[in-house]
10 protein chains.
Amino acid sequence: MLFKVEMDVNVPLDYDKERFEALKATEKAYSQDLQRSGKWRHIWRTVGQYSNISIFDVESNAELHDILTGLPLYPFMDIRVTALCRHPSSVRDDDS
Amino acid sequence: MLFKVEMDVNVPLDYDKERFEALKATEKAYSQDLQRSGKWRHIWRTVGQYSNISIFDVESNAELHDILTGLPLYPFMDIRVTALCRHPSSVRDDDS
Amino acid sequence: MLFKVEMDVNVPLDYDKERFEALKATEKAYSQDLQRSGKWRHIWRTVGQYSNISIFDVESNAELHDILTGLPLYPFMDIRVTALCRHPSSVRDDDS
Amino acid sequence: MLFKVEMDVNVPLDYDKERFEALKATEKAYSQDLQRSGKWRHIWRTVGQYSNISIFDVESNAELHDILTGLPLYPFMDIRVTALCRHPSSVRDDDS
Amino acid sequence: MLFKVEMDVNVPLDYDKERFEALKATEKAYSQDLQRSGKWRHIWRTVGQYSNISIFDVESNAELHDILTGLPLYPFMDIRVTALCRHPSSVRDDDS
Amino acid sequence: MLFKVEMDVNVPLDYDKERFEALKATEKAYSQDLQRSGKWRHIWRTVGQYSNISIFDVESNAELHDILTGLPLYPFMDIRVTALCRHPSSVRDDDS
Amino acid sequence: MLFKVEMDVNVPLDYDKERFEALKATEKAYSQDLQRSGKWRHIWRTVGQYSNISIFDVESNAELHDILTGLPLYPFMDIRVTALCRHPSSVRDDDS
Amino acid sequence: MLFKVEMDVNVPLDYDKERFEALKATEKAYSQDLQRSGKWRHIWRTVGQYSNISIFDVESNAELHDILTGLPLYPFMDIRVTALCRHPSSVRDDDS
Amino acid sequence: MLFKVEMDVNVPLDYDKERFEALKATEKAYSQDLQRSGKWRHIWRTVGQYSNISIFDVESNAELHDILTGLPLYPFMDIRVTALCRHPSSVRDDDS
Amino acid sequence: MLFKVEMDVNVPLDYDKERFEALKATEKAYSQDLQRSGKWRHIWRTVGQYSNISIFDVESNAELHDILTGLPLYPFMDIRVTALCRHPSSVRDDDS
């Protein structure tokens, strides 16, 4: 089941740089594990923003909630979730 | 070069149904040609809306403009375009 | 899987009253069938509005999309969909 | 008398974690007491957010105000209140 | 139980003037009956707008919904409802 | 001359509690004096919010400005002012 | 007593041109009478818009309401009213 | 050349009072010099707000920018600029 | 003196196509004359929209207003005007 | 390939002035290098704001992202990116 998730990351100007870099490294590993498992289907950067747009493929709403609130950068994020489904014009078998 | 495009379709209540069905058929063919060519990478339906979210992979801004304004349903649409690029955490070779 | 759905109904001032009453009767039957089946868990009226807030319990995003776009009054509606999940403080077994 | 209440919880990045966990425990007990009494009919988590959507069944506006401002996490919350009433299509006896 | 209700009236430019004047007369009688009964406590005009702000004193949400949707001008209105309660600093016995 | 004034009070999480309670006591006295003088006609609490909606009856815009900026809690407030006048359907002699 | 009033004029594309020109002529005379009487202190055009920003000097809210709703183009207008008062830094005797 | 400028002043709750009073005194002198020179044509207070609405008469956009960014309270301000021109109905020679 | 102007063109679905094409041809000639004269410095298309972003270089606000309201497609347009001036980091002699 | 980029700079009131001046100097050099290279085609100041509107001419979305996130003042900025293309009415060879 597919969801579009948009995440904006807001880092306070005076946040400790080293601490944030450590969080970012954990975030990257966390994201890549989920990408390799197929749960986190796509992730793109929005040009000019510290934001991404992602496509998730999960078993349930609850699973998506657990994934998102488990993000190491979650406390820095604004998140928007949109439920998706197969488009009748789609030609790709895996876009549903 | 990737772009997220969100399209909302607004059909007046009293629009001629047959005429609109004909336009929809043309729209589907137009979309599927572009999907097969690789220009229109993904298309998903937003749940509960007459809207889609799509990912385009084009050579230039101008090419995207021509594709979008050429949509048979373009006069019925509200469109939002967002420029994307590769996310540093992405593990997919083709998400850039 | 639970979703909150908010529906606003907009009827043009000059829409044929009889035709609209017929649609409303079909809508009521459609809604009550889904309520009895357990798919449409709750429906409440928003005070002072021609709007409802509903809770749906469906198998998938696709099922919700089919239910909503099948509403007899769908062409008159603005719809907002929000994915829900169990709240860790909930004491009700069936609110998940 | 029914109300939809939406609550967003905003925790400052540097808020003391232990102190907040203590508040959350109190909040949970407070909420569950009200759920068991029937005042707080439903509570769901909004996917991806530190937010809930709840249905309250109270005697009066004043009672709802007292319940909400008594929430241990109230100082951290943005709250939106919407008055509800029975929907004419509802088949559930207790959704009014 | 008190509610603030804000009503904006939108009349299409080409709406039949006589028909609208007739509706306005009915609206006025309807409103004044409710004012005399004490249900519709206050009504003020917003300067420069075809809008009012009103205070209602009703037994329940359902009663307010019935009053508002029974307004002869209801199909022309945008309505915003806000639940009120007694303010701890109020000195007026009847503002609760 | 009547005005609707809506006031939202925003207290920083770490503001000194005693100092704020002292300000609130001064605010209450200030408000009640103005209520007794007839300048501050009504004050209601918005359910679930640290906000009020009030009706002022003043000689001039300048008098209203002086009253509002003199509020002990003014530095904590967001304020919205709307000019009102008598509604042609009003039956109350004193709602103008 | 001073008010800033902003007026946007919206003319439907298919509105009868001659009829509108006649209304505009009446509007101009109406406005100029009020300007000469000192009630309508200033009127400026917003660049690129069919809108004006005006300053009114009236005895009361009610007088302003009567002036605005009496505008020949009132049914075509969106209007925003803001109450003003003398600024403590003003050096002009007549800006209050 | 005329511009409407709206300025909102936001003072942090814990900002040093004496320092701010000193800035305000400088601001007042700065504003009054420009008013006397005819550049700052009008300044009014918005009722209930720490905001003003002003009319500037300048030689060029650049001159307006220099005046505004030179305001002693500029770092505390939100500013909105709107280009104005003579209204065809204006009867005042100096409102252009 | 420079201004950014953003124009959105809204064409009703049922507007006569030939009549609109004729207006577009006049609009193009009007725009190109102004471009050649140096008044309309730049015009770009916004991707996916029937909108442009333009830079104008005019003598005064009044001249800009006359140019914009003289656009053959003006009755179909939403227009946003922003006053610009030279940026202190600019290296182009003609961007001021 | 052209993009409009709007940048707002937000400096906290208590940010170290010297440190910020140093950043501004670096920003200016960074911007002027890109202007001379032709990547940063235009930069204008928005009147009354610490904001600019710029036109970039880049090879790809990715290049634009790298330029923007490399801005020395990037952590202080809100940025809005809009993809542009040649307007069919443009007479300038280099506005595409």
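Since the model is a prediction, treat every value here as computed from it, not as a measurement.
Of all the listed residues (B:Arg86, B:Arg41, B:Lys24), the one sharing the greatest number of non-hydrogen pairs under 4.5 Å with chain A is B:Arg41. The greatest number of non-hydrogen atom pairs below 4.5 Å with chain B, out of A:Ser54, A:Ser90, A:Gly48, is found for A:Ser90.
Interface remark: B:Ser31 contributes side-chain atoms only to the contact with chain A (heavy atom separation under 4.5 Å). Both the backbone and the side chain of B:Lys28 come within contact range of chain A, judged by heavy atoms closer than 4.5 Å. Only the side chain of B:Thr82 comes within less than 4.5 Å of a heavy atom in chain A; its backbone stays farther off.
In terms of heavy-atom proximity, B:Pro88 sits nearest to A:Gln32 at O-NE2, 4.4 Å.
Side-chain contact between B:Ile53 and A:Leu84 is present, with heavy atoms from C-beta onward closer than 4.5 Å.
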Check step by step if side-chain contact (heavy atoms from CB on, under 4.5 Å) holds for A:Arg92 and B:Arg36. CA-CA 9 Å; A:Arg92 285 180 67 131; B:Arg36 284 190 200 100; over 6 Å; no
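To the nearest 0.5 Å, atom CH2 of residue B:Trp44 and atom CG of residue A:Asp95 are 5.0 Å apart.
Counting only distance, with no hydrogens or angles, the side chain of B:Gln35 and the backbone of A:Ser89 share a donor-acceptor pair below 3.5 Å.
The ring of B:His87 has its center no closer than 6.0 angstrom to the ring center of A:His42.
Counting heavy atoms of neighbouring residues, nucleotides and ligands inside a 6.0 Å radius, atom CD of B:Glu18 does not exceed 12 of them. Atom CD of B:Glu21 has more than 12 neighbouring heavy atoms from other residues, nucleotides or ligands inside a 6.0 Å radius.
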